[in-house]
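Report on the structure given below.
Not measured: the values here are computed from a predicted model.
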Amino acid sequence: MLPRSITRRRIAVMGALAVAAGLSLSACGGDDSAGTDTAAPAPSAESTLAKLVPENIAADGKILIGSDASYPPNESVDPANQKIVGWEVELGEAIAGKLGLKADFQNAGFDTIIPGIQSGKYELGISSFTDNPEREKVVDFVTYYNAGVSWATLKGNPQGVDPDNACGKKIGVQQGTVEVDDIQARSEKCVKDGKPAIEQVVRKGQTEVNADLVSGKIDGMLADSPIVGYAIKQTGDKLEIIGQMYDAAPYGFAFAKTSGTFKDAVMGALKELMADGTYTKILEKWGVQDGAITTPVINGAGG
């Protein structure tokens, strides 16, 4: 996916991050001469990780997270209460909890999130960002999932769409995603080979692309593999995957280049969630466990 104001000031005072470490330094009653061990307990993983969160981020007790809530099941708006939901949302909330903070998800256009991170509008980006060298030039990533690209059509593929030869077909993609580059390159090859260009229908939100396909306005679509799989389930199997998934690559949480040890804190929290089983439970709940990873890294594309 391609890169998706004044820096936000905060005047709240940093306060509660290290309180727990000093609460119980002595024995509960008794004579010290009796050999009671009065050594301070080792800090918990959570409190140790919390100390890695920069003060300007931790001061107000929350993490401002930019997310495009039009990409179910990763993130979307629940029409019943207008809250942002999804497995990436639950993972972000669990990570924030490990750091003693709350996750404050802000709905934003996908291609505005990385600029918002750079400007300081958001402190973290969680929006199915593919970690690639181009993006690593402007933000840092911590990887947390692996996804590829899948194509879908109406059940039975009535328009005979072939991902390797979609020349002349109407194909939908979400703006700002890696799929835009993908379909553009395929269209250019069609023209080079003397065939009709692909009619590219680029929509702001993935849910709009899904709706276009269900209604027959487009012949096919391509999106990240978990998105396509979920769309098929949500439409009552009106759609089907065609061809094989390809170009598997990691998703990454996005951070400003100036975020210091914040990415280390988040990666440490993610590792804790993997170790205690929370990570797996969240993915299984949403049916996206096939993309689970075991070892998160910083800047997995090597940029």
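Under the 3.5 Å distance criterion, the side-chain polar atoms of Gln289 are left unmatched by any main-chain donor or acceptor of Thr280. Between the side chain of Asp131 and the backbone N or O of Phe141, no donor-acceptor pair lies under 3.5 Å. Checking side-chain atoms of Arg186 against main-chain N and O of Pro163 turns up a donor-acceptor pair under 3.5 Å.
Nearest heavy atom pair, residue Leu64 against residue Gln106, reads CD2-NE2, 4.1 Å. Residues Gly220 and Thr153 share a closest heavy-atom pair of CA-CG2, 4.3 Å. Lys271 and Pro296 get closest at one heavy-atom pair: CG-CG, 3.8 Å. Minimum interatomic distance between Ser67 and Glu75 (heavy atoms only, all atoms of both residues): OG-CG, 3.4 Å.
The side-chain heavy atoms of Gln200 and Val173, taken from C-beta on, include no pair separated by under 4.5 Å. No side-chain heavy atom of Phe253 sits less than 4.5 Å from a side-chain heavy atom of Ile65. Using a 4.5 Å heavy-atom cutoff, the side chains of Trp151 and Ile241 are not in contact.
Under the 4.5 Å side-chain heavy-atom criterion for grouping Ile, Leu, Val, Met, Phe, Trp and Tyr, Leu213 is not connected to Leu222 through any hydrophobic cluster. Each of Val297 and Phe255 belongs to its own hydrophobic cluster when Ile, Leu, Val, Met, Phe, Trp and Tyr are linked at side-chain heavy-atom distances under 4.5 angstrom. Ile242 and Met245 fall into different hydrophobic clusters, where Ile, Leu, Val, Met, Phe, Trp and Tyr side chains are chained together by heavy-atom contacts under 4.5 Å. Put simply, Val201 and Tyr71 are part of two different groups of oily side chains (I, L, V, M, F, W, Y) that touch within less than 4.5 Å, one to the next. Val266 and Ile298 end up in the same hydrophobic cluster when Ile, Leu, Val, Met, Phe, Trp and Tyr side chains are linked at under 4.5 Å.
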Determine whether Asp276 and Lys98 satisfy the following criterion, side-chain contact (heavy atoms from CB on, under 4.5 Å), listing intermediate values before the conclusion. CA-CA 12 Å; Asp276 67 21; Lys98 284 283 186 181; 3.2 Å; yes

Steps toward side-chain contact (heavy atoms from CB on, under 4.5 Å) verdict (Ile293, Met274): CA-CA 9 Å; Ile293 66 171; Met274 288 176 169; 3.7 Å; yes

Using side-chain contact (heavy atoms from CB on, under 4.5 Å), reason through Gln206 and Val209 one step at a time and then give a plain yes or no. CA-CA 5 Å; Gln206 181 61 42; Val209 180; 3.7 Å; yes

Please determine whether side-chain contact (heavy atoms from CB on, under 4.5 Å) holds for the pair Asp182 and Tyr246, giving the CA-CA distance in whole Å, both sets of side-chain angles, and the decisive distance to 0.1 Å. CA-CA 11 Å; Asp182 186 332; Tyr246 58 91; 2.7 Å; yes

Review item, side-chain donor-acceptor pairs of residues 227-239, under 3.5 Å, at least two apart:
{"residue": "Thr235", "atom": "OG1", "partner": "Ala231", "partner atom": "O", "Å": "2.8"}
{"residue": "Thr235", "atom": "OG1", "partner": "Ile232", "partner atom": "O", "Å": "3.2"}

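Asp68 CG to Glu88 CD: the interatomic distance, rounded to the nearest 0.5 Å, is 10.5 Å.
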